There are 2 protein chains.
Amino acid sequence: MPTTITDVAARSGVSSATVSRVLQGSPRVSPAALERVQAAIAELGYRPSGVARSLRRQQTGTLGLIVTNINNPFYPEIVRGAEDAAQRMGASIILCNAAEDPEREIAYLDLLLERRVDGVIVAAGGLTKRHEDFLSAFPSPLVLINADLPGGQVPAVLSDDEAGGRAAADHLLELGHTRLIHISGPAVREAVSLRLDGVRAAIAASDRAVTLEVVEGDGYLAGGLAARQVAERLQPPYAIITHNDVTAVGAMHALFELGIRIPDEVSVVGFDDIALAAFTNPALTTVAQDKYAMGRLAVETIARLRSGEAVTGNQVLPVHLVVRRSSGPAR
Amino acid sequence: MPTTITDVAARSGVSSATVSRVLQGSPRVSPAALERVQAAIAELGYRPSGVARSLRRQQTGTLGLIVTNINNPFYPEIVRGAEDAAQRMGASIILCNAAEDPEREIAYLDLLLERRVDGVIVAAGGLTKRHEDFLSAFPSPLVLINADLPGGQVPAVLSDDEAGGRAAADHLLELGHTRLIHISGPAVREAVSLRLDGVRAAIAASDRAVTLEVVEGDGYLAGGLAARQVAERLQPPYAIITHNDVTAVGAMHALFELGIRIPDEVSVVGFDDIALAAFTNPALTTVAQDKYAMGRLAVETIARLRSGEAVTGNQVLPVHLVVRRSSGPAR
DNA sequence: GTGAAAGCGCTAACAC
DNA sequence: GTGTTAGCGCTTTCAC
């Protein structure tokens, strides 16, 4: 049994109210009492119960952060941004890893509600109908990352996926490429079609004849292996745009296994700019998202929501192209 | 304000005690009452307060998991193993990312204590003296992953690092290599010296003259770049053993930039077998740790501790070499 | 089978 | 400046 505030009160010869005041750093405590209470706390190794405090205050000082899959190196940066922002406002984060399982995502949502967290951030990407119903009736401050709900009632933090797709395609078109392959992510994710829209827009704006082929991936390493089938039937030069960097790593691996040289024969452009992107062989050209800012912004939005502000609609963050070695002139 | 048990009781015309019984699935409830209560719960969208329940029961159903750095792809698998095991016993995980900051690690330990978690798992690697003092007096069930405390009072889950280092070196020696470079991790981690010990043991057991050079890395991509300095002064063939896979990726990148071919000129062997290892170019030969099992085992150990069992000492998990394409004969 | 009531550890009026 | 007290939402004897 941990020591309680009553134990401390008894030991220092004051009431529990005074101990509580010391705990809050209230100025209405005499120096003598203050000292005795602090001594008792130290001697007893007392630590106030967050559980009791939460019950009394009707707030827990915790935020839930649900992440599609912590295995995807895209997410840890979001987590860091959220953690740092939360720490600044004296809150802590309960991180929930849905492990790519929508049921688990909903189960966690339920759990967080039961734990009476002060707010929830969902960094999910793909929202099913069930999610929509559940989330739009969510009884706690809620912010989405890289996903949004119809109606814009739930505030969301997004990257400018369309502009990103456009930047990637523009870059390849400028290099003289006229055959583009897009390895997409799972169709449920909104970002997938937005990035593809951007690619299409860039092609439409170009004055050359450009072909685009879309291959469905899964957003993971395995999805990138679709590049193998592409490579087996196409003659270079051509260029591959992937839904994200992890897919690009898979694609580059497939090309490597077939002895195809990047970028001499085939160019590859990713999306996200994960830490690894600068270290692939060759280093990956990619569209950078400000992942850290997304996490931070989501937490700050929760704070505004809690302060009574009526935040709705999307906050769209800019992206930018990072040119490395995996993309080169078509020849 | 969320609805409370009292609201449900009023609505269904029973006492809160009966509602509570329904919540627990107690058999001592009449069918009629059961039905009315369930209806009221559904109509009100009632969800019991985990906070109040925790205060009353004196347990929270949560486990804290502190991780050195969630950015390191080694950890997510541990998280998954822990999450799955926790779910099986009806608990949930509060994941804390120390972001490579020992102070933050201690701050989280404090926080978890305050939140009255039922147990704490620390997957840290490098323990400072302050950690030792803090952890050996930790007033809550505690299990370490990939680290251990002097005295063996705190149970720990470890990989057989020494055997892993030996397996990596043996493999290279069999391939005919006589010049080994070890790019280590930060010296504070115990695993670092154990893996190196294994390498040395393999060399000692060999009947050929083998040289070993140790270069200190940081366990991250940047640390692997030390391979550049090595490559600039050494003539192939030689072989590099890295502290972990992330370091190996950095090293392979440095070699690639210098135009050195792997494994024709230089062999590289990693440690961990992260998901990415099968997708580097060339695919990485590495020593696999059973990361998922480590997370699972840690949670199971917490459960045993909580049931009153006196678990101490280390549980060492076997590792095994996975031969891929980054290692080849010395020539 | 059901209800009354006490109490988990804390905070926040409210009195003095 | 300090103490008394009520109560946050739940569970759990103890009666009946």
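Worth saying up front: this structure is predicted, and the values here are computed from it rather than measured. Lettering of chains follows the sequences in order, A, B, ..., and the numbering in each one begins at 1.
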Considering only heavy side-chain atoms of R57(A), the closest of dG3(D), dA4(C), dA12(C) is dA12(C)

Whichever of A52(B) and P31(B) has the more 5' nearest nucleotide on DNA chain C, that residue is P31(B)

- prompt: Are S54(B) and R115(A) close enough that a side-chain donor and a side-chain acceptor fall under 3.5 Å?
  reply: no

Of the candidates dC10(D), dT11(D), dT4(D), the side chain of T4(B) sits closest to dC10(D)

- Message: Students often get this wrong, so: under 4.0 angstrom with heavy atoms, is R28(A) touching a base, only sugar-phosphate, or nothing?
- Response: base

Discussion item. Taking K291(B) first and then E77(B), would you say they form a salt bridge - that is, a charged N and a carboxylate O separated by under 4.0 Å?
Written reply: no

note: R115(A), atom CZ; dC10(D), atom P; distance rounded to Å ~ 14 Å

Whole-Å distance, R56(B) CZ to dG7(D) P, equals 19 Å

note: Q58(B), atom CD; dG9(D), atom C1'; distance rounded to Å ~ 14 Å

On DNA chain C, more 5' by nearest nucleotide between A17(A) and L55(A) is L55(A)

From the candidates dG3(D), dA12(C), dT11(D), the one with an atom nearest any side-chain atom of V14(A) is dG3(D)

Looking at every strand, decide which applies to V51(A) at a 4.0 Å heavy-atom threshold: base, sugar-phosphate, or nothing.
nothing

Rounded to whole Å, the CD-P distance (Q59(A) to dT11(C)) equals 12 Å

Sugar-phosphate only, base, or nothing, as touched by S20(B) at under 4.0 Å among non-hydrogen atoms
base

Whole-Å distance, R116(B) CZ to dC10(C) C1', equals 11 Å

Considering only heavy side-chain atoms of L23(B), the closest of dC10(C), dT11(D), dA4(C) is dT11(D)

Practice item. State whether the distance check finds a donor on one side and an acceptor on the other, under 3.5 Å, for side chain R21(A) versus base dG3(D). Key: yes

Check your understanding: Using a cut-off of less than 4.0 Å, is there contact between a side-chain N or O of S49(B) and OP1 or OP2 of dG9(D)?
Key -> no

R47(A) atom CZ is separated from dG9(C) atom C1', nearest whole Å, by 16 Å

- Query: Does S30(B) have a side-chain nitrogen or oxygen under 4.0 Å from the phosphate oxygens OP1 or OP2 of dG1(C)?
  - Reply: no

Practice problem: State whether E100(B) and R189(B) are salt-bridged, where the test is any N-O pair (Lys NZ or Arg NE/NH1/NH2 against Asp/Glu carboxylate O) under 4.0 Å. | Solution: yes

So CG of D84(B) and CZ of R104(A): to nearest 0.5 Å the spacing works out to 4.5 Å

Quick one about Q59(A) and D118(A) (side-chain donor to acceptor, distance below 3.5 Å, no hydrogens or angles considered), yes or no? no

Original post:
Has T18(B) got a side-chain N or O lying under 4.0 Å from the OP1 or OP2 atom of dG3(C)?
Top reply: yes

To the nearest angstrom, the CZ-P distance between R36(B) and dG3(C) comes to 9 Å

In whole angstroms, the gap separating C1' of dT5(D) from CD1 of I5(A) amounts to 14 Å

ask   = If we ignore angles and hydrogens, is there a donor and acceptor under 3.5 Å between the side chains of N69(B) and Y220(B)?
value = yes

